[in-house]
Amino acid sequence: MVELVIGPKGSGKTKYMTEAICAAAQKSAGNVVYITKDLESGWDIPHDVRVIDLAEFPQIDTYGELYAFVCGLLSGNYDITNVFIDGLYALCGKQEEELSIFLALISELSDAHHAAFTAALSAKKDEVPEAIYQMVSDVHVCE
């Protein structure tokens with residue numbers, strides 16, 4: 001399962017993600033991972049959630065590199081149940097074709113590893129191409 005959280009800056013995406021992370025951490029029998037470049041938003045995250053600051057990995061700035069990083073996480077940790085990625089556009093840019101490929105690959109990973117993925121995009125709903133919506137199982141729009 002891949003869920004997108006979409007909304008412009010300041011619309012409540014990180015708050016929504018924080019609540020979803022807390023809920024996943026409470027019911028998960030495995031590990032929950034939160035990937036961000038903004039650790040300020042991580043203060044409300046439970047201590048048992050693995051928070052990864054991609055600012056520590058400045059070489060990861062494309063969707064292909066982020067995908068490889070996530071593959072490494074999943075291959076080294078068989079018990080990851082949820083992966084939250086905050087600020088996809090800020091991490092990798094607005095390349096729509098690469099984002100589509102990334103979401104398709106993440107969807108395959110989700111199925112193969114039984115891990116749910118939630119990713120946030122800073123954009124208005126109508127700024128995101130329709131093809132992106134078709135790549136995911138659910139969309140939450142913050143306005």
Side-chain angles (χ1 to χ4, degrees), residues 1-58 60-74 76-96 98-143:
M1 178 189 102
V2 178
E3 177 185 11
L4 280 182
V5 180
I6 298 172
K9 185 173 177 134
S11 63
K13 293 180 306 299
T14 300
K15 181 179 188 240
Y16 175 85
M17 294 270 287
T18 300
E19 291 170 359
I21 290 166
C22 291
Q26 284 182 341
K27 67 180 182 180
S28 176
N31 286 314
V32 176
V33 177
Y34 176 51
I35 300 171
T36 184
K37 259 192 180 172
D38 179 17
L39 277 185
E40 285 185 31
S41 64
W43 294 116
D44 294 331
I45 304 298
H47 293 289
D48 55 344
V49 172
R50 183 174 303 155
V51 178
I52 298 172
D53 180 9
L54 279 187
E56 295 177 10
F57 304 93
I60 299 173
D61 62 359
T62 68
Y63 289 105
E65 292 163 349
L66 181 58
Y67 174 73
F69 184 79
V70 171
C71 285
L73 287 174
L74 292 173
N77 300 279
Y78 66 91
D79 58 350
I80 292 176
T81 59
N82 300 79
V83 178
F84 293 86
I85 306 171
D86 200 6
L88 263 182
Y89 279 162
L91 295 172
C92 303
K94 290 188 177 184
Q95 301 91 355
E96 295 165 6
E98 287 83 2
L99 175 58
S100 292
I101 293 168
F102 175 77
L103 292 173
L105 292 170
I106 289 296
S107 182
E108 290 175 11
L109 279 180
S110 176
D111 293 342
H113 292 271
H114 309 289
F117 285 82
T118 304
L121 292 175
S122 286
K124 294 179 182 173
K125 182 180 180 183
D126 60 349
E127 295 174 339
V128 178
E130 188 62 35
I132 299 298
Y133 292 113
Q134 297 172 4
M135 306 294 301
V136 299
S137 56
D138 194 21
V139 177
H140 179 83
V141 179
C142 299
E143 299 192 55

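Owing to the predicted nature of the structure, the values given are computational and were not obtained by experimental measurement. Values below: all heavy atoms of this structure, side chains included; hydrogens, waters and symmetry mates excluded.
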As an exercise, state the distance from [atom1] of [X] to [atom2] of [Y], rounded to the nearest 0.5 Å.
X: L99; Y: I132; atom1: CG; atom2: CD1; value: 4.0 Å
X: L74; Y: H114; atom1: CG; atom2: NE2; value: 11.5 Å
X: I106; Y: T118; atom1: CD1; atom2: OG1; value: 11.5 Å
X: F102; Y: L91; atom1: CZ; atom2: CG; value: 9.0 Å
X: I45; Y: T36; atom1: CD1; atom2: OG1; value: 9.0 Å
X: L88; Y: I6; atom1: CG; atom2: CD1; value: 10.0 Å

Is there side-chain contact between V139 and V128, with at least one heavy-atom pair below 4.5 Å?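 Not touching, per the 4.5 Å side-chain cut-off.
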For [X], enumerate each residue passing the side chain to side chain contact (heavy atoms under 4.5 Å, CB included) test, keeping only those at least two apart in sequence or located in another chain.
X: A24; answer: V32, N82, F84
X: K125; answer: Y133, V141
X: S122; answer: K13
X: E98; answer: Y63, Q95

Which residues pass the side chain to side chain donor-acceptor pair (under 3.5 Å) test with [X], not counting sequence neighbours?
X: S100; result: none
X: S137; result: none
X: D61; result: none
X: S110; result: none

ring-ring contact (aromatic ring centres under 6.0 Å, His included) with F117: which residues, sequence neighbours excluded?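 Partners of F117 by the ring-ring contact (aromatic ring centres under 6.0 Å, His included) criterion come out as none, since no residue qualifies.
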What pairs of donor and acceptor atoms, side-chain ones from residues 46-58 against any protein atom, are under 3.5 angstrom apart with sequence neighbours left out?
{"unit_1": "R50", "atom_1": "NH1", "unit_2": "N77", "atom_2": "OD1", "d": "3.3"}
{"unit_1": "D53", "atom_1": "OD1", "unit_2": "A55", "atom_2": "N", "d": "3.0"}

Run L105 and L109 through side-chain contact (heavy atoms from CB on, under 4.5 Å) and show every step you take. CA-CA 6 Å; L105 292 170; L109 279 180; 5.9 Å; no
If a pair satisfies side-chain hydrogen bond (donor to acceptor under 3.5 Å, both in side chains) and one of its residues is in residues 20-32, list it, with sequence neighbours excluded.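 Only S28-T81, N31-D79 qualify under side-chain hydrogen bond (donor to acceptor under 3.5 Å, both in side chains).
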So, using salt bridge (charged side-chain N to carboxylate O under 4.0 Å, His left out) as the criterion, who are the partners of K15 when residues are at least two apart? E19
I need the minimum non-hydrogen distance between C142 and P8, along with the two atoms involved.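 In terms of heavy atoms, the two residues are closest at O-CD, 3.6 Å.
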